[in-house]
Amino acid sequence: MGSRDGGLGVSSLHSGRAGLGEGSLAILERDGEPPQAWDPDDAKRARGLHPGAERLPGLYLPCFDMLLAEDATWLMKAEPRKEPEQCPVIDSQGLGLPPGLDAQVEERSLEQVQSMVVGEVLKDIETACKLLNINPDPMEWNPGNVQKWVLWTEHLYRLPQVGRAFQDLSGKDLCAMSEDDFRQRSLQCGDVLYAHLDIWKSAAWMKERCSPSDKLNGTEDLWSEADSSCSGQPIHLWQFLRELLLKPHSYGRCIRWLNKEKGIFKIEDSAHVARLWGIRKNRPAMNYDKLSRSIRQYYKKGIIRKPDVSQRLVYQFVHPV
DNA sequence: TAGTAGGATCGTT
DNA sequence: AACGATCCTACTA
């Protein structure tokens, strides 16, 4: 699968920008804010479905252009294709550099941003794999994995519920579906799910390119951990909570540190955390009542306790990292 | 009303 | 046996 068009529908990847913009890239766009609630108009604007509508200034990053780069060493020398002036972070105006140098500085800075962005995307996928216990490559998913991924994405980005629209589909089926197929199954968020799946497909495609021969490549580390955890032991609740806490830009809306050094955290959205745990454990009936009972079992095991000053929905890891 | 605490029981690994 | 899910009663903010 060495060619660009090899097997994963790469030619469709450019439509994936919307997913990036609403997901992992949100950290760059919104400075640490967690993903925003789904808004059909936003989604359509970002996807350019309204040709006349302006894109929000600085929101577009040519991530997928980079994922498509011929050279797998793109992390070091990816070439920006267009619109560098739209980069949200870089502003070399006013540095007083000559025009040529100015453009070079801008390009180098853009490369750094691109590397950061792709790195974040890969880390997010790695975390999701760990939390969901699924393979990073959608082609490997069984129908249960697909269902998990759909549910997870739906809850993480607060999309409208798709119900059983994607039931009984394998990962291969899913990957073979067009954007229109997605829309037919879910009118409201089929296109957004399609965009998110595109990101996963691209990441798996990159992994395919970078391994197994290129072990020294920087992206390899990102995946090896995910691989080991996917095939490993069932995750414990306290590990699950810790994973969520380590990704504040994705999960900060439902759980966050109050004092990371002391291991004190607060569950901001008890129902949401319980739902995510339920998805992870294939327990649709999971709720906070049951989840909190499990947390309380940790008291006597010395894993989690209530802080000295007890507060509602606030717990403390006995042994902070 | 929602969260807290902990006993009891059951299923899975 | 460990772990967590489920159901329960009593209590609390």
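In what follows, every chain begins at residue 1, and chains take the letters A, B, ... in the order their sequences are listed.
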* Please, which pairs that meet side-chain hydrogen bond (donor to acceptor under 3.5 Å, both in side chains) have at least one residue in residues 260-269 of chain A, sequence neighbours excluded? -> A/R256-A/E268
* Asked: Axis-to-axis angle across the helix from B/dT1-C/dA13 to B/dT13-C/dA1, five pairs an end, to 10 degrees?
  -> 20°
* Quick one: salt bridge (Lys or Arg N to Asp or Glu O under 4.0 Å) pairs with a partner in residues 167-176 of chain A, sequence neighbours left out? -> none
* Output every pair passing ring-ring contact (aromatic ring centres under 6.0 Å, His included) with a member in residues 163-191 of chain A, not counting sequence neighbours, ordered by first then second residue. => A/F166-A/F182, A/F182-A/Y194
* Asked: Can you list every pair that meets salt bridge (Lys or Arg N to Asp or Glu O under 4.0 Å) and has a residue in residues 308-321 of chain A, with sequence neighbours left out?
  -> A/R305-A/D308
* **Nucleotide range of DNA chain B lying under 4.0 Å from chain A heavy atoms** => B/dA2 to B/dG7
* Asked: For A/S310, which residues count as a side-chain contact (heavy atoms from CB on, under 4.5 Å) partner, sequence neighbours excluded?
  -> A/K306
Side-chain donor-acceptor pairs under 3.5 Å in residues 270-279 of chain A, sequence neighbours left out?
{"residue": "A/H272", "atom": "NE2", "partner": "A/H155", "partner atom": "O", "Å": "3.1"}
{"residue": "A/R275", "atom": "NE", "partner": "A/H155", "partner atom": "NE2", "Å": "3.0"}

* To do: For residues 113-134 of chain A, pull every pair meeting ring-ring contact (aromatic ring centres under 6.0 Å, His included), keeping only residues two or more places apart or in separate chains.
  => none
* **Co-members of A/I264 in a cluster of I, L, V, M, F, W and Y side chains, linked at under 4.5 Å** => A/L258, A/V314
* To do: Identify whether any heavy atom of A/S292 sits under 4.0 Å from a base atom; if not, whether one sits that close to sugar-phosphate; answer base, sugar-phosphate or nothing.
  => nothing
* Asked: Between A/R183 and A/E179, is a salt bridge (charged side-chain N to carboxylate O under 4.0 Å, His left out) present by the stated rule, with each step listed?
  -> CA-CA 6 Å; A/R183 279 214 200 83; A/E179 187 167 3; 3.2 Å; yes
* Structure fact -> Once base and sugar-phosphate atoms are separated, protein heavy atoms under 4.0 Å mark nucleotides 1-13 of chain C, 5' to 3', with B, S and - as --SSSBB-----B
* Asked: What residues form a side-chain contact (heavy atoms from CB on, under 4.5 Å) with A/Q167, not counting sequence neighbours?
  -> A/Q147, A/R164
